[in-house]
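The next block holds one structure in the form of structure tokens; read it before the comments.
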Amino acid sequence: MSDAVELIGTFTCPIVHRVEVALRLKGVPYEFIEEDLGNKSALLLKHNPIHKKVPVLLHGDRRPALCESFVILEYLDEAFPDQRPGLLPADPLDRAMARFWARFIDEKCWGPAWVALWAAEGEGKEAAAREAKANLALLEGQLDGKRFFGGDRIGFLDLVASGFAHWLGVYEEMGGTRLLAEDGHPALWRWAREYAADATVRQCLPDREALLAAMATSKERFVSAATAMARK
Amino acid sequence: MAPEKNSSDLVLLDFWVSPFGQRVRIALAEKSLPYEYVEEDLAGKSDRLLQSNPVHKKTPVLLHGGKPVNESLIIVQYLEEAFPDTPSLLPADPYARAQARFWADYVDKKVYDCGARLWKLKGEPQAQARAEMLEILKTLETELGDKEFFGGEHGFGFVDAAFAPFTSWFQSYEKLGEFKVAEVAPKIAAWADRVGKRESVAKSLYSPDKVYDFIGVLKKKYGIE
């Protein structure tokens, strides 16, 4: 069985970044296949017919491909156990907590944040902003004085939260809505700086200007997604 | 229907007809783990529930030595990891584990919400929910294929436990959506019969009639006729 790793994704997507950093932390070489989410490729649709999303991980000949970032992150930790072990904590209760807060990040932070960032005024935008900020504060509580969510080193939950450390600022600039600021979330703000300064992370943290330029045409797509979410 | 009284550290805060709670009951039974079952009144949630799951205030919650674990699939994985000497629901191979997690997540993301739209909505939105439910069942049918269980070589597994509780909702989905699972997804229907006979599932689920009555209660509560 071949062991070459291919990651289908786009540098504009913070969800993909989670996997890219995990691969680098684990020292696993990979080929990054850049995807245009506005014009999805046959390759992506073939390997993720169900959700049609990135990231998608192809590991050797293993098919079907692996989809969904949490699934991929846990897979990498288990498939490469000797390389930088312990992306997830060792203790079962700590693992359960990490999984819980990971879901919380996607459902309760990014969910309302997306509506707050992109929905039109009066489409639940303000309520979503309040909810996102309140939930970011709950997440922030999980830092509890630690350098990273994972403790002294970056772990699973740091990777899942990484979008807030870099992409959120870019979205805020594009959309004009501010959600994360030093005075509102001081611990999360400090964590974001720590995360973005990490040597491994910096290898795959895209330049802010490059993100802005690449996403200039994406705003319309973000707005319609947010509007649909707000109406649910 | 109530399981054995507690002789270990495990307490399950649950709601009788919740398919999410039933996943945990199935996993506990598969692992022969004794526990105390506590029925929560969702209209008047206990302090213990609210303190154990302050973020979502939902059941099921597993308390292990008083420490809470929330969210059904997270609880099941916790049981796998905290009780490694009990029969496992996840296979050993990392790739097979990943696929099991993917499909359990698919069931989690799709089935309950689509089913809820079937009973909450009317007209065109309900027709869309019906179409989506057929799509979900067909997708799961393809994944099951000719396997006896979703767990394949492993036997009854994580995805089976994740999806089995919804078999008691099939009859309701059929009535609301005017279709037959046996026609749309015959392999799923056969699988539902098989898992329904499995002891851990049989003692955790309520009859389809009881589920249908429960939906009737929900509809009244939400003012839907």
Side-chain angles (χ1 to χ4, degrees), chain A residues 1 3 5 19 26 47-51 53 56-82 88-109 131 134-135 137-139 141-142 231-232, chain B residues 9 24 52-58 61-84 90-110 113 116-117 120-121 125 135-136 138-140 142-143 145 158-159:
Chain A
M1 173 160 312
D3 282 319
V5 173
V19 175
K26 291 269 180 192
H47 288 304
N48 193 355
I50 294 191
H51 299 303
K53 286 181 177 177
V56 174
L57 193 86
L58 298 153
H59 185 193
D61 307 323
R62 294 162 186 80
R63 297 290 182 272
L66 290 164
C67 307
E68 294 298 291
S69 66
F70 300 166
V71 171
I72 297 171
L73 290 174
E74 295 222 32
Y75 172 72
L76 290 175
D77 216 23
E78 292 178 349
F80 300 96
D82 302 322
L88 277 99
D91 174 73
L93 199 62
D94 292 337
R95 290 165 76 85
M97 291 294 277
R99 288 171 178 140
F100 174 88
W101 287 103
R103 289 185 66 148
F104 182 82
I105 284 169
D106 276 358
E107 287 164 25
K108 299 292 184 184
C109 296
E131 191 187 346
N135 289 340
L138 281 175
L139 175 67
Q142 291 305 298
R231 286 188 186 149
K232 266 197 181 154
Chain B
D9 275 337
V24 180
S52 303
N53 191 352
V55 173
H56 299 303
K57 305 178 176 57
K58 285 183 175 176
V61 176
L62 181 81
L63 295 163
H64 186 194
K67 296 197 176 135
V69 183
N70 300 318
E71 299 197 8
S72 60
L73 294 181
I74 293 177
I75 297 171
V76 173
Q77 287 190 88
Y78 174 77
L79 291 171
E80 290 276 292
E81 291 167 358
F83 299 94
L90 281 166
D93 172 67
Y95 176 75
R97 290 164 75 85
Q99 290 300 348
R101 288 182 176 124
F102 174 85
W103 283 104
D105 175 68
Y106 176 84
V107 171
D108 224 25
K109 280 185 162 89
K110 300 283 191 182
D113 285 347
R117 280 185 282 131
K120 276 184 185 167
L121 306 175
E135 187 64 41
I136 291 166
K138 285 176 186 164
T139 301
L140 288 166
T142 303
E143 172 54 24
F158 191 61
V159 182

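By convention in this document, chain letters (A, B, ...) are assigned in the order of the sequence lines, proteins followed by strands, and residues within each chain are numbered from 1. Keep in mind the model is a prediction, meaning the values are calculated, not measured.
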Next on the checklist: Report which part of A:A65 has an atom under 4.5 Å of a heavy atom belonging to chain B: side chain, backbone, both, or neither.
Outcome noted: backbone

Item to check | Backbone of A:L93 reached by a side-chain donor or acceptor of B:K67 within 3.5 Å | outcome: no

What part of [X] gets within 4.5 angstrom of chain A, counting heavy atoms only: side chain, backbone, both, or neither?
| X | value |
| --- | --- |
| B:P68 | backbone |
| B:R97 | side chain |
| B:D108 | side chain |
| B:H64 | neither |

Please give me the minimum heavy-atom distance between [X] and [Y], naming the atom from each residue.
| X | Y | value |
| --- | --- | --- |
| B:A100 | B:L90 | CB-CD2, 3.7 Å |
| A:C67 | A:H47 | SG-O, 3.6 Å |
| B:S52 | B:V61 | CB-CG1, 3.7 Å |

Checklist entry - Between B:Q77, B:E135, B:K109, which has the largest tally of heavy atom pairs under 4.5 Å with chain A? => result B:Q77

Next on the checklist: Out of B:V69, B:L79, B:N70, return the one with the most heavy atom pairs under 4.5 angstrom to chain A.
Outcome noted: B:N70

Checklist outcome for this item: Heaviest contributor of heavy-atom pairs below 4.5 Å to chain B, chosen from A:D77, A:I50, A:I72, A:L138, is A:I50

Next on the checklist: Looking only at heavy atoms and a cut-off of under 4.5 Å, which of A:A96, A:P64, A:P81 has the most pairs with chain B?
Outcome noted: A:P64

Checklist entry - Could you give the distance from CD (A:E74) to CZ (A:R95), rounded to the nearest 0.5 Å? => result 6.0 Å

Item to check | Aromatic ring pairing A:W101/A:F104, orientation class (parallel under 30°, perpendicular over 60°, tilted between) | outcome: perpendicular

Next on the checklist: Once you measure the plane-to-plane angle for A:H51 and B:Y106, does it fall in the parallel (<30°), tilted (30-60°) or perpendicular (>60°) bin?
Outcome noted: tilted

